[in-house]
Amino acid sequence: MIRDALQQTVREALRDADLPEPATIVLDVPKQRDHGDFSTPVALQLAKQVGAKPRDIAERIRAAIDANAQAFIERVEIAGPGFLNFFLAPVWLSDTLRDVVLAGSGFGHNDSLAGQHINLEFVSANPTGPLHAGGGRWVAMGDAIANLLASQGADVHREYYLNDAGSQLDIFGASLYARYRGEPPPDDGYRGEYLVEMAGRLRAELGDDVTEEAAREWGYHDIVRQLREDLERIGVHFDTWFSERLLHSRGDVEDVLRQLGELNVTYEHDGATWLRTTDFGDARDRVLIRSNGTSTYLANDLAYHRDKLRRGFTHLIDIWGADHHGQVKSLQSGMHALGYGTDDVPEPEVILGQLVRLLRGGQEVRMSKRAGDIITLEDILDEVDPDVARMTFLLQGIDSQQTFDLDVVTAQSMENPVYYVQYAHARVASIARRAAEAGIERRAVDTIDLSVLRHEREEALLRALSTFPEVVADSAAGRAPQKMSTWVRDFAREFHGFYRDCRVISDDDMLTQARLWLSEASRIGLANALALLGVNAPDEMARLDDDEDEDEDEDETAPAQ
RNA sequence: GCGCCCGUAGCUCAGCCCGGAUAGAGCGACAGACUUCUAAUCUGUUGGUCGCAGGUUCGAAUCCUGCCGGGCGCGCCA
């Protein structure tokens with residue numbers, strides 16, 4: 001859009017002025033309004049190379065730009081040590097508004113990743129218990145990242161990997177079976193109360209004569225059903241639930257081991273078969289086949305990732321908890337050993353997410369399915385709206401540890417930023433309803449004089465809106481949904497300010513029309529941003545009681561006569 | 001010991017990838033604004049040695065090095 005045009009202008013000016021062209025022309029939106037609409041430090045960057053004073057270089061560039069006057073540039077100023085500040089003709093804001101309206105739900109989307117088939121694997125919690133609260137971070141992050149990648153034109157496939165072939169499931173089965181028989185779970189077993197409840201249903205459904213194996217299978221399928229329900233409740237859908245068992249039953253694991261053997265990257269040692277991952281960058285070699293003849297997690301995982309590639313995906317992304325970071329290099333090294341990790345087939349990308357620290361009553365709650373005292377995602381969803389849960393998980397970067405204080409999140413649920421944003425969206429809808437009641441129709445946008453939108457608030461709103469596409473692109477490229485949530489909060493603030501200071505519906509017909517379109521463009525920005533975050537954009541908000549904050553427990557208090 | 005992540009306002013966090021002009025938001029505290037398209041809003045005030053020390057640079061919260069503090073790993077577990 002306008003940024004590209006400016007970049008082009010600067011490039012041409014550099015050429016005309018006989019100056020070298022840096023690979024990228026930096027164009028910033030200055031924090032200060034009096035520094036213009038856009039600013040570039042290019043003259044500062046060239047000073048050393050050219051051997052001239054930055055301000056003199058800036059002057060040469062400005063002269064070249066002026067010589068080739070562009071309609072959308074009102075003036076160029078040289079400021080500070082040598083910044084070139086661009087002041088654009090106000091028409092660019094009108095153009096932005098029209099572009100947004102024209103693009104509609106596609107605003108912020110592009111096709112830079114067109115042709116890419118991305119497999120995004122996330123959550124993948126063991127099917128041995130319900131999703132714990134911290135898992136909500138992977139649910140929300142994964143879904144948002146998938147949305148972001150899709151917005152850039154990629155075909156994104158959401159996948160859940162079920163570790164249903166390993167020892168964890170056996171331990172789970174033994175624990176469930178013990179509960180079924182009224183015994184405590186084994187020492188290394190799962191101690192959670194949910195197994196007692198499940199054992200009761202197991203007995204009700206299958207009777208008193210169940211074997212341990214049957215209990216395990218029943219329990220496994222019941223857990224998967226619970227996982228699906230929890231995920232559905234928060235609005236996340238997986239395209240594939242991939243069973244690890246398939247890798248074994250189909251012979252994939254054997255086959256990948258055979259392939260590695262033929263590639264001469266394995267060796268025998270201490271009765272086990274090892275993979276020379278050190279040849280491919282790993283810190284030490286890894287075992288593929290234990291001395292007892294069974295395959296390791298790595299062997300299975302290599303078969304799994306090879307399978308994903310064989311299914312036609314061009315790019316694999318895994319979201320893992322940071323407690324698995326030691327395995328990243330092993331997986332990637334193993335995939336290189338298999339011949340992947342080339343320009344055509346890149347190595348799997350692993351996004352590491354720092355773990356959630358969960359607080360309740362000011363105390364840290366250790367989240368371990370084994371230990372028993374877990375707070376589940378379901379528990380959270382029982383107390384707060386799914387939108388609140390999602391937004392909370394998307395407020396900060398995945399690289400930093402998140403402290404999820406259950407008391408704070410539930411107590412301040414109503415103050416959650418998600419409502420601030422949703423309220424802005426609802427306000428637009430409300431304006432539209434009021435306008436309709438007043439018999440005001442929005443006329444075609446290209447018949448409206450948008451140049452009347454000159455209020456400080458209106459311009460600020462449009463400026464903020466104009467940055468949306470690049471924020472989406474940045475957010476997608478950085479796998480950083482928090483950039484999106486930060487933008488939408490800032491943008492909502494701009495809208496609330498506009499709403500307050502610029503009455504949309506007025507006696508001035510043209511101004512009303514222009515502001516209705518500005519509202520609509522804002523709605524598009526809010527709705528598209530929320531959609532990327534996986535959050536609803538409601539047309540109205542439930543009315544809050546005025547005395548809400550005085551009344552702590554309005555739900556179940558006794559009737560005070 | 002080695003590896004990854006974090007350390008920014010009283011609290012919770014953006015900003016760091018890709019260095020720019022006076023470092024931002026929310027919450028908290030204090031003071032204001034509803035005859036108004038829903039006040040779940042808006043406005044103002046308060047508040048920061050960007051962990052510490054060096055280095056690179058015209059310019060460092062941002063890049064590099066070394067420390068300090070916190071989290072997580074370092075299995076023929078998954």
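Near RNA chain B, meaning a heavy atom under 4.0 Å away, the residues from residues 43-51 of chain A are Leu44(A), Gln45(A), Lys48(A). Near RNA chain B, meaning a heavy atom under 4.0 Å from it, residues 290-307 of chain A has Arg290(A), Ser291(A), Tyr297(A) in order of number. Contacts between residues 499-512 of chain A and RNA chain B, counted as heavy-atom distances below 4.0 Å, involve Tyr499(A), Arg500(A), Cys502(A), Arg503(A), Val504(A), Ile505(A).
The two residues Pro348(A) and Gln332(A) have their closest heavy-atom pair at O-NE2, 2.9 Å.
The side chain of Gln402(A) contributes no N or O atom lying less than 4.0 Å from OP1 or OP2 of rG71(B). In terms of phosphate contacts, Lys483(A) brings no side-chain nitrogen or oxygen within less than 4.0 Å of OP1 or OP2 of rC13(B). The shortest distance between the side-chain N/O atoms of Tyr423(A) and the OP1/OP2 oxygens of rA40(B) is below 4.0 Å.
Using a 4.5 Å cut-off on side-chain heavy atoms (C-beta onward), Leu149(A) and Arg479(A) make contact. Using a 4.5 Å heavy-atom threshold, the side chains of Trp320(A) and Leu331(A) count as touching. For the pair Pro41(A)/Phe83(A), a side-chain contact is recorded, criterion being any heavy-atom separation below 4.5 Å from C-beta on.
At the heavy-atom level, Ala79(A) lies under 4.0 Å from base atoms of the strands shown. Note on Gln422(A): nothing from the nucleic acid sits closer than 4.0 angstrom, heavy atoms only. Nucleic acid contact class of Asn85(A) (heavy atoms, under 4.0 Å, all strands): base. Base contact: His35(A) has a heavy atom under 4.0 Å from a base atom. Arg515(A) comes within 4.0 angstrom of no nucleic acid atom, judged by non-hydrogen atoms across all strands. Within the 4.0 angstrom heavy-atom criterion, no nucleotide atom of any strand lies near Asp405(A). Within the nucleic acid shown, Gly321(A) has no heavy atom closer than 4.0 Å to any nucleic acid atom. If you check every strand for non-hydrogen atoms under 4.0 Å, Arg427(A) touches sugar and phosphate atoms only. Nucleic acid contact class of His425(A) (heavy atoms, under 4.0 Å, all strands): none.
Without hydrogens or angle criteria, Thr277(A) side chain to Gly334(A) main chain gives no donor-acceptor distance under 3.5 Å.
Judged by distance alone with a 3.5 Å cut-off, a donor-acceptor contact links the side chain of His325(A) to the base of rG3(B).
Ion pairing between a basic and an acidic side chain is recognised when a charged N comes within 4.0 Å of a carboxylate O; Arg457(A) and Asp501(A) show such pairing. Between Glu441(A) and Arg443(A), no side-chain nitrogen of the basic residue sits less than 4.0 Å from a carboxylate oxygen of the acidic one, so the salt-bridge criterion is not met. Salt bridge absent: Glu494(A) and Arg463(A) never bring a charged side-chain N and a carboxylate O closer than 4.0 Å. Of the charged side-chain nitrogens involved, none lies within less than 4.0 Å of a carboxylate oxygen, so that Arg390(A) and Asp387(A) do not count as a salt-bridged pair. Salt bridge present: Arg216(A) and Asp170(A) bring a charged side-chain N and a carboxylate O closer than 4.0 Å. Glu159(A) and Lys308(A) are not joined by a salt bridge, as no carboxylate oxygen comes within less than 4.0 angstrom of a charged side-chain nitrogen.
RNA chain B contains the following stems of three or more consecutive Watson-Crick or G-U pairs, with both distances under 3.5 Å: B:1-7 with B:68-74, B:10-13 with B:24-27, B:28-33 with B:41-46, B:51-55 with B:63-67.
The side chain of Arg284(A) sits closest to rC76(B) out of rC4(B), rA40(B), rC76(B). Each of rC72(B), rA78(B), rA14(B) was ranked by its minimum atom distance to the side chain of Thr486(A); first place goes to rA14(B). Listed nucleotides: rC18(B), rA21(B), rC4(B). Nearest to the side chain of Asp474(A): rC18(B). Which of rC37(B), rA14(B), rA78(B) sits closest to the side chain of Ile431(A) comes down to rC37(B).
Remark: the Asn416(A) side chain and the Thr392(A) side chain contain an N/O donor-acceptor pair separated by less than 3.5 Å. In the model, Glu244(A) has a side-chain atom that pairs as donor or acceptor with a side-chain atom of Asn300(A) under 3.5 Å.
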>> Generate the contact string for nucleotides 6-12 of chain B. Rules: B means base contact, S means sugar-phosphate contact only, - means no protein heavy atom under 4.0 Å.
In response: S------
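Atoms CG and CZ, from Leu27(A) and Phe38(A) in turn, are 7.0 Å apart once rounded to the nearest 0.5 Å. In this structure, OG in Ser39(A) is found 6.5 Å from CG in Asp28(A), a value given to the nearest 0.5 Å.
Separating the CG atom of Asp323(A) from the C1' atom of rC77(B) is a distance of 12 Å, rounded to the nearest angstrom.
For the pair Gln482(A) and Pro81(A), both in contact range of RNA chain B, the more 5′-proximal nearest nucleotide belongs to Gln482(A).
Taking the 5.5 Å centre cut-off and the 30° plane limit, the aromatic side chain of Phe83(A) is classed as stacked on rA21(B).
Taking the six-membered ring for Trp and the full ring otherwise, the centers of Phe122(A) and Trp138(A) sit at least 6.0 Å from each other.
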Within the sub-3.5 Å range, which N or O atoms of nucleotides 24-29 of chain B have a protein N or O partner, and how far apart are they?
from: rA25(B); atom 1: O2'; to: Arg493(A); atom 2: NH2; distance (Å): 3.1

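Counting heavy-atom neighbours within 6.0 Å of Glu21(A) CD, excluding the residue itself, gives a total above 12.
Across the C1' atoms, rG26(B) and rA14(B) are found 10 Å apart, a figure rounded to whole Å.
Between His269(A) and Trp274(A), the ring-plane angle classifies as perpendicular under the 30° and 60° cut-offs.
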